[in-house]
Amino acid sequence: MARQDILQLLTTLPGEYVSGEKISQQLNVTRASVWKQIKQLQEEGFEIEAQTKKGYCLRKTPDSLNAWVIEQMLGTVSFGRSLIIEDELPSTNAKAKELAREGGIHGQVIIARTQCSGRGRMQREWQSPKGGLWMSIIIRPNLSLANASKLTLAASVAVVDALKELYRLPVGIKWPNDLIYNGHKIAGILGEVVGEWNRVQTLILGIGINANFPRENLGSSIAAATLQEILGHEVDLNKLTAAILLHLEKQVSALEADMFEELCINWTARAVGIGEEVKVIRGEEVFRGIFRGISQEGELLLETDHGEVRFSAGEVRLRSKLGTYFGEPL
Ligand code: BT5
């Protein structure tokens with residue numbers, strides 16, 4: 001008997017008691033083993049009331065990550081329909097790549113409660129303490145080579161929209177896809193290609209969100225923010241996951257329907273620093289100018305004294321003219 005079966009029975013009539021006898025009959029197990037499973041569910045954070053005469057009543061599902069709860073909340077067609085949660089992984093992106101090579105399906109999600117070797121872009125470290133949302137999605141998009149690279153832009157719009165919808169948080173996007181609240185980084189996105197674009201057409205989208213932990217759990221040199229600190233309480237990670245996946249599926253479908261212009265408008269409306277004087281650093285070179293937004297290809301457009309210069313995401317870093325950019329140390 002899977003614990004899921006018990007949950008299914010308890011949710012058929014929300015708020016009502018289901019007798020231990022009924023559960024044991026329907027699932028063909030003893031009442032003692034039902035009780036054992038109920039205790040396990042309570043340990044996982046399900047609030048289940050047990051009354052001798054009446055039976056069991058599910059009062060509340062846990063806020064901590066739980067695949068069954070996420071599944072109940074999902075409004076997507078394919079994103080998250082296959083979903084794995086692990087206690088600890090080196091990196092969910094690395095695991096997702098592995099799964100993709102083994103035939104992982106479009107929309108498959110892998111989440112870890114903590115990562116011991118979380119990665120940012122260019123192999124930078126991504127700190128992933130317990131309480132955060134660290135997840136990767138396998139995407140096998142129906143997109144041309146050129147458009148597939150825009151998926152990370154779409155992902156940043158999706159995460160901003162989910163945070164706004166759930167918590168009314170005004171989060172901005174720092175080009176190309178850092179999410180910033182009040183000058184502090186609250187989430188990061190990492191898009192990685194599996195194999196070669198023209199052959200395999202698979203991308204891994206890694207999304208990391210500082211959620212239920214205090215800022216002190218991250219290194220002191222990092223200008224980060226966490227949802228728990230901003231909102232003053234912990235958030236429901238299942239709800240957050242389901243909301244992100246729904247927005248993400250919507251954005252990816254829009255891209256597949258060739259709506260890049262719309263994505264461009266949506267991205268720009270959420271971006272920080274447009275119209276401001278910035279420095280763009282490429283290796284030893286420093287370019288100064290006004291940040292004018294992004295091109296149809298997702299490149300950064302910089303208006304310099306010598307005309308417009310375009311930069312693509314992998315090659316440069318963006319800073320305000322004061323040397324720092326929205327709180328991130330130089
Ligand atoms: C990113 O890289 O912002 C992409 C982060 C993607 C993380 C997710 S979590 C799930 C999946 N699995 C992975 O292994 N990765 C993805 P980048 O723009 O390169 O930013 C990295 C920089 O952010 C670091 O050099 C630090 O300065 C800073 N940083 C590290 N951990 C942070 C955190 N938890 N919050 C805010 N800033 C952090």
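Whatever order the structure lists them in is the order used to number ligands and atoms, beginning at 1.
- Some N or O of R121 is nearer than 3.5 Å to an N or O of ligand 1, by distance alone.
- Heavy-atom proximity to S136, at under 4.0 Å, picks out these atoms of ligand 1: 11 (C).
- Across all non-hydrogen atoms, the minimal contact from P62 to V69 is CD-CG2, 3.9 Å.
- Within the 4.5 Å cutoff, side-chain heavy atoms of L301 are placed close to those of E308.
- Considering only non-hydrogen atoms, atom 14 (O) of ligand 1 lies nearest to S91 out of P90, G120, S91, A94.
- Atoms of ligand 1 found under 4.0 Å from any heavy atom of A224, numbered from 1 in the order shown, are 35 (N), 36 (C).
- Atom numbering of ligand 1 starts at 1 in the shown order; those under 4.0 Å from a heavy atom of D178 are 3 (O), 18 (O).
- Checking E125, E192, Q127 against atom 24 (C) of ligand 1, the nearest heavy atom belongs to E125.
- If you look at M135 next to ligand 1, the close heavy atoms, those under 4.0 Å, all belong to the backbone.
- In summary, R59 and E49 engage in a salt bridge, as defined by a charged side-chain N under 4.0 Å from a carboxylate O.
- Comment: K97 engages E192 in a salt bridge, judged by a side-chain N to carboxylate O separation of less than 4.0 angstrom.
- Contact annotation for S128 and ligand 1: no heavy atom of the residue comes within less than 4.0 Å of the ligand.
- Under the 4.0 Å criterion applied to side-chain N and carboxylate O atoms, K239 and D63 are not assigned as salt-bridge partners.
- Of the heavy atoms in L218, only side-chain atoms (C-beta onward) come closer than 4.0 Å to ligand 1.
- Under the 4.5 Å side-chain criterion, counting only non-hydrogen atoms from C-beta, I180 is in contact with D178.
- In terms of modelled atom types and a separation under 3.5 Å, the side chain of E249 and the main chain of F79 share a donor-acceptor contact.
- The R119 neighbourhood of ligand 1 comprises atoms 5 (C), 6 (C), 7 (C), 13 (C), 14 (O), 15 (N), 16 (C), with distances under 4.0 Å to a heavy atom of that residue.
- Considering both main-chain and side-chain atoms, W134 never comes within under 3.5 Å of ligand 1 through any nitrogen or oxygen pair.
- For ligand 1 and T92, the ligand atoms under 4.0 Å from any heavy atom of the residue are 10 (C), 11 (C), 12 (N).
- For the pair H106/I139, a side-chain contact is recorded, criterion being any heavy-atom separation below 4.5 Å from C-beta on.
- Counting heavy atoms under 4.0 Å from ligand 1, residue I222 touches it through the side chain alone.
- Each of the atoms 14 (O) of ligand 1 lies under 4.0 Å from some heavy atom of G118.
- In this structure the side chain of L65 reaches within 4.5 angstrom of the side chain of L133, judged on heavy atoms.
- Salt-bridge annotation for E44 and R3: present, with a side-chain N of the basic residue lying under 4.0 Å from a carboxylate O of the acidic one.
- Close contacts between ligand 1 and N210 involve ligand atoms 33 (C), 34 (N), 35 (N), 36 (C) [criterion: under 4.0 Å to a heavy atom].
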